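Below: the structure, in structure tokens.
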Amino acid sequence: MQRFDALVVGAGPAGSTAAYRLAAAGASVLLVDKARFPRDKPCGGGLTTRAVRMLPFSVEPVVEDIVHTFELRLGYGKSFERTSEQPLCLMTQRRRLDHFLARKAQEAGADFRDGVRVELGEELRVDGEPVLADVIVGADGANGITSRVAGAELGYGVALEGNAPLDRRYRGKLVLELGVVPGGYGWVFPKGDHANFGVGGWESEGPRLREHLRRLCEQHGVDAAELTDLRGYRLPFRRASSTVASTKLLLVGDAAGLVDPLSGDGMYEAFVSAKLAAEAVLSGDLDAYAQRVLAELGPLHAASWTAKYALDRFPRLAFAIARAPLAWSVIARLVRGELKDPSAARGLSRAPLRALDALGRLAAA
């Protein structure tokens, strides 16, 4: 029977990065996934430079576009653009990114097995064969087995996306359509030869997502009926009472519900939790993991929930605040990873943040 220091279940961004960090430090790691790689995943495919900063290696080989400009529009009406000299977002596709990350873990020494089934019971089994592992890192997403075993309590948003041929006007630009989907937004993300059109919002918006997507496409001169790779998916949000760990089981990324409530992005959270999980395993202090995750991500997510409520209930006021020059400096620094969370802002730039916070608290009351 094979024995490993860690079994990592799920080879998405969180799982593969955790496996890489563990293997690079000399741990014996078994990384498994039920799908055959390369495989695709529904996702906008944006990597903020904040997220990229958390990686121990470059992802340049799978980058298809580099975003320096954000365009924000309210209700398909008023809009504004803001640009950063430094990159804000790297655009990729999950099929390429996840395969790249899994191979990096494999090159570091992890035993990577795709297309296999995992059983977590009294005995660990991978494709029917028993294995031993001192620790399990759960990275198989919100619908995976590890989240259920750990007893995670998750809420959900929903999203729908598809691809269309790239119009060069979107090159280097990320478009966000605010105030058009309750609890979320619409987006246009540039890729190598296509653009990703998507909408996301509260779970209750599920039955209306196709109409939201049709309207988004219409506003951008695209026929929604001609979108390819149309996919819907759920976005997991951790409830306040939910656990991110149980006995010898650490949840990372979507499996723990670590998705930013405002943006719906989980890449930064995936890489942060992967790093913290690897450190916990290597140090032997598994009990500290949950507290460290909440300390690292809690303030950011609290601010995101407040901003989400403000935008949902008072979209015009929230949009006006976001449009303020002082607000953009904070947004850009957050996206680039120069600020840990909004509370780290200083000086005059705190004024729009205080206004947004007050709006959010009023909206949530």
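Computed from a predicted model, the values in this text were never measured in an experiment. Residue numbers run from 1 in the order of the sequence given.
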Under the side-chain contact (heavy atoms from CB on, under 4.5 Å) test, residues paired with Q291 that sit two or more places apart: none
Among residues two or more places apart or on two chains, list those pairs meeting ring-ring contact (aromatic ring centres under 6.0 Å, His included) that have a residue in residues 234-268. F237-W305
Scan residues 123-168 for pairs that pass ring-ring contact (aromatic ring centres under 6.0 Å, His included), counting only residues two or more places apart or in two chains. none
Salt bridge (charged side-chain N to carboxylate O under 4.0 Å, His left out): pairs with one or both residues in residues 345-363, sequence neighbours excluded: D357-R361
Just jot down the side-chain contact (heavy atoms from CB on, under 4.5 Å) partners of H220, sequence neighbours excluded, or say none. R73, R169, Y170, V175, E177, V188, F197, L216
Those residues at least two apart in sequence (or on a different chain) that pass side-chain contact (heavy atoms from CB on, under 4.5 Å) with R3 are D5, L132, D134
Non-neighbouring partners of D285 that pass side chain to side chain donor-acceptor pair (under 3.5 Å), sequence neighbours left out: none
Distance-only check: which donor-acceptor pairs under 3.5 Å involve side-chain atoms of residues 292-299, not counting sequence neighbours?
{"unit_1": "R292", "atom_1": "NH1", "unit_2": "E279", "atom_2": "OE1", "d": "2.9"}
{"unit_1": "R292", "atom_1": "NH2", "unit_2": "E279", "atom_2": "OE1", "d": "3.1"}

What I want to check is whether the side chains of H99 and R95 have a donor and an acceptor closer together than 3.5 Å. no
Can you list the residues that meet the side-chain contact (heavy atoms from CB on, under 4.5 Å) rule with R53, with sequence neighbours excluded? E338
Per the salt bridge (charged side-chain N to carboxylate O under 4.0 Å, His left out) rule, what does the pair list look like for residues 75-93, sequence neighbours excluded? E81-K173
Could you check whether any side-chain N or O of S16 sits under 3.5 Å from a backbone N or O of P13, counting only pairs where one atom can act as donor and the other as acceptor? no
List in chain and number order the residues that pass side chain to side chain donor-acceptor pair (under 3.5 Å) with R215, two or more places apart in sequence or in another chain; answer none if no residue qualifies. none
Pair listing, salt bridge (charged side-chain N to carboxylate O under 4.0 Å, His left out) test, anchored in residues 260-271, at least two apart: none
